[in-house]
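What follows is a short report on a single structure.
Everything quoted here is computed from the prediction, not taken from an experiment.
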Amino acid sequence: MLDINHFTYGWVTPLPAYLMSVLGSMLALRCMVRSRASGSHGGWLTAAAIALGGTGIWVMHFIAMLGFSVHGATIRYNVPITLFSAAVAMGVVWLGLSIVVRRSWDSAALPVGGTITGLGVGAMHYSGMYAMKTDIEIVYDPFVVAVSMVIAVVAATAALWFALHIHGLLATIGAALLMGVAVTGMHYTGMFSMSAHTSAHVAHASGATATQLLTPLIIGVSMVTMVLLMQVGITEAEDPNLARPVHGQRASRFWPSGQS
């Protein structure tokens with residue numbers, strides 16, 4: 001069995017991976033606050049799915065994979081499959097958010113949406129791993145894989161619950177920090193299910209190197225993240241339940257009775 005190193009460059013990869021997961025989670029939660037305040041779910045749901053599925057999950061996975069190495073092995077990435085895994089991540093997050101938002105009255109919506117999203121996140125992780133081409137044989141421990149899928153479902157369910165209930169900025173930051181732990185925890189649990197072995201039947205690895213994928217990834221994610229940050233920053237986050245009452249209605253506790 002060959003030696004696997006998940007932290008080839010020390011904290012250089014896991015720390016940025018966690019920070020990107022937190023940033024994506026925080027952006028997604030703020031987008032959901034806007035969605036609830038505006039009453040228009042379509043655009044904000046899509047933005048939240050891009051933030052959480054793209055930045056918070058897929059980019060986190062890719063950055064973490066930069067620290068993955070196997071002694072004596074060549075590692076390449078199949079670009080189409082890698083991009084497909086990104087579409088899976090954003091698609092399942094959008095589906096899960098749509099279920100819990102549009103069927104908020106249904107008690108089954110959260111567990112159903114969380115299960116679908118969690119299994120989709122797991123599918124994204126392992127399709128991303130399938131995109132990795134090497135000249136060695138990779139074997140997965142089924143029990144650890146199952147544990148990683150359970151973590152993904154629990155993390156996804158918690159993320160959807162936060163998306164429905166989180167309001168304030170401090171609460172958003174706290175929730176995003178927890179979501180970052182859950183997402184990165186799922187990733188590294190899945191990674192530790194791997195073992196590497198030499199094999200005479202494995203073809204020569206072909207595809208893009210991690211560095212070749214990194215440059216367009218940084219550019220693309222930076223642009224999308226900046227657009228989302230600007231969009232969230234210039235829109236009002238006021239919850240309609242906390243808004244100023246219209247003329248003739250009783251003032252809420254957030255507005256003094258003498259104020260018009």
Side-chain angles (χ1 to χ4, degrees), residues 18 20-61 85-127 145-190 228 232 237-242:
Y18 171 72
M20 289 303 292
S21 184
V22 171
L23 176 61
S25 300
M26 187 166 60
L27 276 174
L29 292 174
R30 298 310 292 171
C31 286
M32 291 306 298
V33 171
R34 268 55 173 191
S35 174
R36 294 196 301 267
S38 66
S40 177
H41 302 306
W44 285 116
L45 282 181
T46 301
I50 294 173
L52 181 56
T55 303
I57 297 174
W58 186 73
V59 172
M60 179 283 307
H61 168 89
S85 68
V88 169
M90 291 182 283
V92 295
V93 170
W94 180 87
L95 180 60
L97 288 172
S98 296
I99 290 173
V100 298
V101 167
R102 302 182 192 282
R103 299 181 64 86
S104 58
W105 49 267
D106 189 349
S107 60
L110 182 60
V112 169
T115 300
I116 292 174
T117 304
L119 294 177
V121 170
M124 170 266 140
H125 172 83
Y126 290 105
S127 63
V145 169
V147 171
S148 71
M149 295 300 287
V150 171
I151 294 175
V153 170
V154 173
T157 303
L160 296 180
W161 187 90
F162 286 140
L164 289 177
H165 297 91
I166 290 297
H167 294 272
L169 180 59
L170 290 179
T172 298
I173 294 173
L177 292 172
L178 292 176
M179 288 166 64
V181 171
V183 172
T184 53
M186 179 271 160
H187 170 83
Y188 283 108
T189 300
L228 287 176
V232 170
E238 188 178 16
D239 191 299
N241 295 325
L242 306 181

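How far CD1 of I166 is from CE of M179: 9.5 Å, rounded to the nearest 0.5 Å. The distance from atom CE of M26 to atom CG of L23, rounded to the nearest 0.5 Å, is 5.5 Å.
With sequence neighbours left out, S85 forms a side chain to side chain donor-acceptor pair (under 3.5 Å) with W58. Taking T172 as the reference, R30 meet the side chain to side chain donor-acceptor pair (under 3.5 Å) condition, with sequence neighbours excluded. Applying the side chain to side chain contact (heavy atoms under 4.5 Å, CB included) criterion to L110, with sequence neighbours excluded, gives V100, T157, L160, W161. Scored by the side chain to side chain contact (heavy atoms under 4.5 Å, CB included) test, V183 finds S21, I57, M60 as partners (sequence neighbours excluded).
G53 and A89 get closest at one heavy-atom pair: O-CB, 3.3 Å. The nearest pair of heavy atoms linking A47 to C31 is CB-SG, 3.8 Å. Residues V22 and G180 share a closest heavy-atom pair of CG2-CA, 4.1 Å. Across all non-hydrogen atoms, the minimal contact from Y18 to L177 is OH-O, 3.1 Å.
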Pairs of donor and acceptor atoms involving the side chains of residues 147-155, under 3.5 Å and at least two apart or interchain, shall be tabulated with distances.
unit_1: S148; atom_1: OG; unit_2: Y126; atom_2: OH; d: 2.8
unit_1: S148; atom_1: OG; unit_2: V145; atom_2: O; d: 2.6

Could you give the side-chain donor-acceptor pairs of residues 90-99 under 3.5 Å, partners two or more places apart or in another chain?
unit_1: S98; atom_1: OG; unit_2: W94; atom_2: O; d: 2.8

### Task
Test R103 against V112 for side chain to side chain contact (heavy atoms under 4.5 Å, CB included), laying out the working first.
CA-CA 11 Å; R103 299 181 64 86; V112 169; over 6 Å; no
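T55 places no side-chain N or O within donor-acceptor distance of the main-chain N or O of L52, the cut-off being under 3.5 Å.
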